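Remarks on the structure that follows.
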Number of protein chains: 2
Amino acid sequence: MEKELLLLGLLRKQKMHGYRLMEFIDSNLHICTDLKKPTAYYLLEKMEGFGWVIQHEDSNGKRPAKKVYEITDLGETIFQSTLRSHLEKFEPPFFSNDTVYIFWDTIPELDRINLLQKKKSIIENEIKNLEKIPEHFGGTQILLDHQLFFLKSEQEWVEKLILKLLTNKVKQT
Amino acid sequence: MEKELLLLGLLRKQKMHGYRLMEFIDSNLHICTDLKKPTAYYLLEKMEGFGWVIQHEDSNGKRPAKKVYEITDLGETIFQSTLRSHLEKFEPPFFSNDTVYIFWDTIPELDRINLLQKKKSIIENEIKNLEKIPEHFGGTQILLDHQLFFLKSEQEWVEKLILKLLTNKVKQT
DNA sequence: GTATGAATAGTCAGATCTGACTATTTTAAC
DNA sequence: GTTAAAATAGTCAGATCTGACTATTCATAC
């Protein structure tokens, strides 16, 4: 429901057509969602079926008709309850790259260290990029703070793992 | 490719049929993947098409024929390169529940604190549960360590956020 | 004026994923 | 020995998602 929540929340502020929605999401919210354009159109149609949004053609002037979506009262109710249930919930994400650790013993020790070092530098770059972003508006700043906090925690973890590998190696020699 | 990697990696150790694979994943690897049974069967068939695995019917005795999957040389090559590329990569997960923060201003201040407190207690429970799990084998222990490290970081972050809200409230009064 | 590229708005076939189901065999209880 | 429950093995229709595409309009440069 996160994607639906996002769309509903944006439509609450202002009625819009799909393209405008995706434009906003792409340029401002890429940290918190991977919603793609065709999915957005698909979800808008689905939500129209549920009666969460209504759509009317806006054939302004010469341009071909645009489908402008607007949130309904039902949509607002859904938004409010979903918003609350998501704030209180906690669902750990899957670290899909972690699958490798299951097969840790397949990788020679030197490779492990080298590859982890690369991972570490990617994280460091991400941190630098995030720190460059100027203060955002309202809640989006919380989102950025969270991401940054998370990245720093990941950095620390990888550093510890590398250190552990290095000290193990020293012990062996 | 994480799901394919997982299946290939397990088939490397031992040829198996889909049910056995899923049994192992469900009972040991639920932390790192959300692979479900029908998806596993789908992926096995796909990988058979790619020549990464081969399948032969095992009609042992009375039971209806089982499809036993086995990794091929090509599959092993794919596994090795995918394993390495995943170890060096870092892709931050999407905290889908964070979508709420975009609409932070919609929620009354008291609700915010209450709901975050619930979130916090869920995290604390998860931590307790993870700490109960006895030492695992090999790489899987790294996976558990990572998850625990992450959860503690999340706990800290939520605590900080709650604290910030509380001090803001005091200032206002 | 017109060719070219960017912006605008959306669609579609095909890939991926899953809830709910089928079907058989084994185990256990009586 | 028969019935019920659990274990075993898999399937399928339908939901969800996306890469690649279409189609129109606007800007600009020549």
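This is a predicted model, so every value here is computed, not measured. The sequence lines fix the lettering, A, B, ..., with proteins before strands; numbering per chain opens at 1.
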### Message
For a quick test of reading the model: is some side-chain N or O of A/Lys36 closer than 4.0 Å to OP1 or OP2 of D/dT18?
### Response
yes
### Query
Does A/Glu109 pair with A/Arg112 as a salt bridge, N-O distance under 4.0 Å?
no
### Message
Just the rounded figure in Å: distance from P of C/dT22 to OH of B/Tyr19.
### Response
17 Å
### Task
Write down the distance between CG (B/Leu21) and P (D/dG10), rounded to a whole number of angstrom.
10 Å
### Task
Determine the contact category for B/Lys37: base if any of its heavy atoms lies under 4.0 Å from a base atom, sugar-phosphate if only primed atoms, P, OP1 or OP2 are that close, otherwise nothing.
base
### Salt-bridge criterion met for A/Arg12 and A/Glu76 (N-O under 4.0 Å)
yes
### Value in whole Å for how far the C1' atom of C/dT8 lies from NE2 of A/His17
8 Å
### Message
Is there a side-chain contact between B/Lys66 and the phosphate of D/dA9, meaning an N or O under 4.0 Å from OP1 or OP2?
### Response
yes
### Charged N-O contact under 4.0 Å between B/Lys152 and B/Glu156
no
### Query
Could you state the CG-P distance from B/Leu44 to C/dT16, rounded to the nearest angstrom?
14 Å
### Message
Measuring to OP1 and OP2 of D/dT11, would you say a side-chain N or O of B/Lys67 lies under 4.0 angstrom away?
### Response
yes
## Note on the structure
Separation of C/dG19 atom P from B/Asp34 atom CG, nearest Å, is 10 Å
### Task
Could you tell me whether A/Glu88 and A/Arg84 have a side-chain N and a carboxylate O separated by less than 4.0 Å?
no
### Message
So, OP1 or OP2 of C/dT18: does either fall under 4.0 Å of a side-chain N or O from B/Thr39?
### Response
yes
### Query
CE of A/Met22 versus P of D/dC17: gap in Å, rounded?
12 Å
### Query
D/dT22 P sits how many Å from A/Tyr41 OH, rounded?
17 Å
## Note on the structure
B/Tyr42 atom OH is separated from D/dT11 atom P, nearest whole Å, by 15 Å
